[in-house]
Amino acid sequence: MEGVNSIADMRRIYQLQAMLEKDMNENPIKQFENWWQHAIDSKIDEPNAMSLATATASGKPSVRTVLLKGIKENGFMFFTNYQSRKGKEIEENPYVSLLFFWKELERQVRIEGSIQKLSTEDSDEYFSERPHESQIGAWSSPQSSIIESRNLLQNKMEEYEKRFGANEIPRPDYWGGYIIQPYSMEFWQGRPGRLHDRLQYTLDENNRWVMKRLAP
């Protein structure tokens, strides 16, 4: 069991900074934007990578990493194939959770909220800005479906390359964006002795954000 013991012994001392209520914005999305800008300025690797947890109607969860593609005043955006596993689970259960973990900054943000599709205009606009190869990929991959081999994907890529040529590539109707509108957001800052700082924002019955400190 030497390997198990070595895993149990793995730990890191968190000590970069504290997180105090007086320094936090009263709006958690604006506070996220503050931390987001710090992550960008710190040049950490892929700060927009976020874990997205979905669940079936019966509550069976699944999680994967996707990329944040936009922040609006009411939520967080990403894009995907609507026929993928996550798309089907979102159709069954429109409540999801996000997790950002910026280890270089000893920070994480947890977000819980409801999710809905973006407008066709928003999805069309983003798709038109994607690299050509990514646009072809959206047409070529039956995301989350079982396939016989990678050759199928390569053949599909070649097929759609011939089909569209140098023409503008339209967005597939099964591909587009979502926005997560949060009702709970938690900011976590690592601290020494595992006495981490945790501040949670929740919406009250009057749709106002209330901030409370949680024990680590």
Side-chain angles (χ1 to χ4, degrees), residues 32 36 39-40 43-72 74-104 108-182:
F32 180 91
W36 169 258
I40 296 297
K43 301 186 184 305
I44 63 177
D45 190 34
E46 288 200 295
N48 60 331
M50 59 186 187
S51 299
L52 167 70
T54 58
T56 63
S58 62
K60 292 182 179 179
S62 62
V63 66
R64 75 288 291 159
T65 301
V66 298
L67 299 179
L68 176 70
K69 288 300 180 180
I71 306 170
K72 291 191 173 184
N74 64 331
F76 303 86
M77 300 187 298
F78 73 96
F79 295 81
T80 191
N81 187 315
Y82 293 142
Q83 297 175 353
S84 63
R85 177 175 176 177
K86 57 183 169 297
K88 292 176 181 178
E89 291 181 354
I90 288 168
E91 193 70 25
E92 293 181 21
N93 184 346
Y95 297 98
V96 302
S97 182
L98 300 175
L99 172 67
F100 293 85
F101 178 47
W102 299 318
K103 64 182 179 64
E104 296 89 345
Q108 64 179 345
V109 183
R110 296 174 58 207
I111 299 168
E112 297 174 17
S114 59
I115 187 169
Q116 62 186 47
K117 287 181 179 178
L118 289 169
S119 68
T120 55
E121 292 78 14
D122 284 339
S123 291
D124 286 343
E125 180 181 359
Y126 175 73
F127 189 82
S128 69
E129 297 170 353
R130 300 187 91 204
H132 175 85
E133 188 175 48
S134 297
Q135 292 178 332
I136 292 293
W139 280 95
S140 304
S141 175
Q143 194 174 113
S144 300
S145 299
I146 296 173
I147 58 175
E148 293 180 0
S149 71
R150 186 172 178 81
N151 288 337
L152 180 144
L153 298 178
Q154 190 61 45
N155 292 338
K156 285 285 187 182
M157 287 282 285
E158 294 172 1
E159 173 188 332
Y160 283 111
E161 285 282 9
K162 292 178 182 177
R163 173 176 169 181
F164 294 118
N167 298 321
E168 180 179 346
I169 301 175
R171 176 181 63 88
D173 58 9
Y174 53 79
W175 191 99
Y178 289 101
I179 184 167
I180 296 100
Q181 297 175 302

Between NZ on residue Lys88 and CD1 on residue Ile90, distance to nearest 0.5 Å: 13.0 Å
Within 45° cone of Tyr82 ring axis and under 6.0 Å: Lys117 NZ or CZ: yes
Reported CG-to-CH2 distance for the pair Asn81 and Trp175, which is rounded to 0.5 angstrom: 9.5 Å
Between Ser62 and Arg64, a side-chain donor and acceptor under 3.5 Å: yes
Electrostatic pair Arg85-Glu89, nearest N-O below 4.0 angstrom: yes
Gln108 and Lys103 side chains, donor-acceptor separation under 3.5 Å: no
Between Ser141 and Lys156, a side-chain donor and acceptor under 3.5 Å: no
Arg171 side chain reached by Ser123 side chain, heavy atoms, under 4.5 Å: yes
Smallest separation among heavy atoms of Gly70 and Leu68, with atom names: O-CD1, 3.4 Å
Plane angle bin for Trp36 and Phe32 - parallel if under 30°, tilted between 30 and 60°, otherwise perpendicular: parallel
NZ on Lys72 to CD1 on Ile179, rounded to 0.5 Å: 5.5 Å
Inter-residue atom distance Met157.CE - Asn155.CG, 0.5 Å rounding: 11.5 Å
Salt bridge flag under 4.0 Å for residues Lys69 and Asp122: no
Which atom of Tyr178 lies closest to which atom of Gly87, heavy atoms considered: OH-CA, 3.7 Å
Test log, rule side-chain contact (heavy atoms from CB on, under 4.5 Å), inputs Val109 and Leu99: CA-CA 6 Å; Val109 183; Leu99 172 67; over 6 Å; no
Side-chain touch Pro61/Asn93, heavy atoms, less than 4.5 angstrom: no
Spatial distance of atom CG (Leu118) from atom CE (Met77) [nearest 0.5 Å]: 6.0 Å
Close side-chain approach of Ile115 and Phe78, heavy atoms under 4.5 Å: yes
Shortest non-hydrogen contact between Pro142 and Leu153, atoms and distance: CD-CD2, 4.1 Å
Greater than 12 external heavy atoms within 6.0 Å of Glu168's CD: no
Phe127 backbone acceptor or donor facing Gln135 side chain under 3.5 Å: yes
Side chain proximity check, Ile111 to Phe100, heavy atoms < 4.5 angstrom: yes
Closest non-hydrogen atom pair between Gly113 and Ile180, with its separation: CA-CG2, 4.2 Å
Non-hydrogen side-chain atoms of Val66 and Met50 separated by less than 4.5 Å: yes
Trp102 (side chain) donor-acceptor with Pro47 (main chain) under 3.5 angstrom: yes
Steps toward side-chain contact (heavy atoms from CB on, under 4.5 Å) verdict (Ile169, His132): CA-CA 8 Å; Ile169 301 175; His132 175 85; 3.5 Å; yes
Over 12 foreign heavy atoms within 6.0 Å of CD, Glu159: yes
Validation row: Leu52, Val96 side chains within 4.5 angstrom (heavy atoms): yes
Mutual orientation of the aromatic rings belonging to Trp139 and Phe164 [parallel < 30°, tilted 30-60°, perpendicular > 60°]: tilted
CZ (Arg130) with more than 12 external heavy atoms under 6.0 Å: yes
CD-CD1 distance between Glu158 and Ile136, expressed to the nearest 0.5 angstrom: 11.5 Å
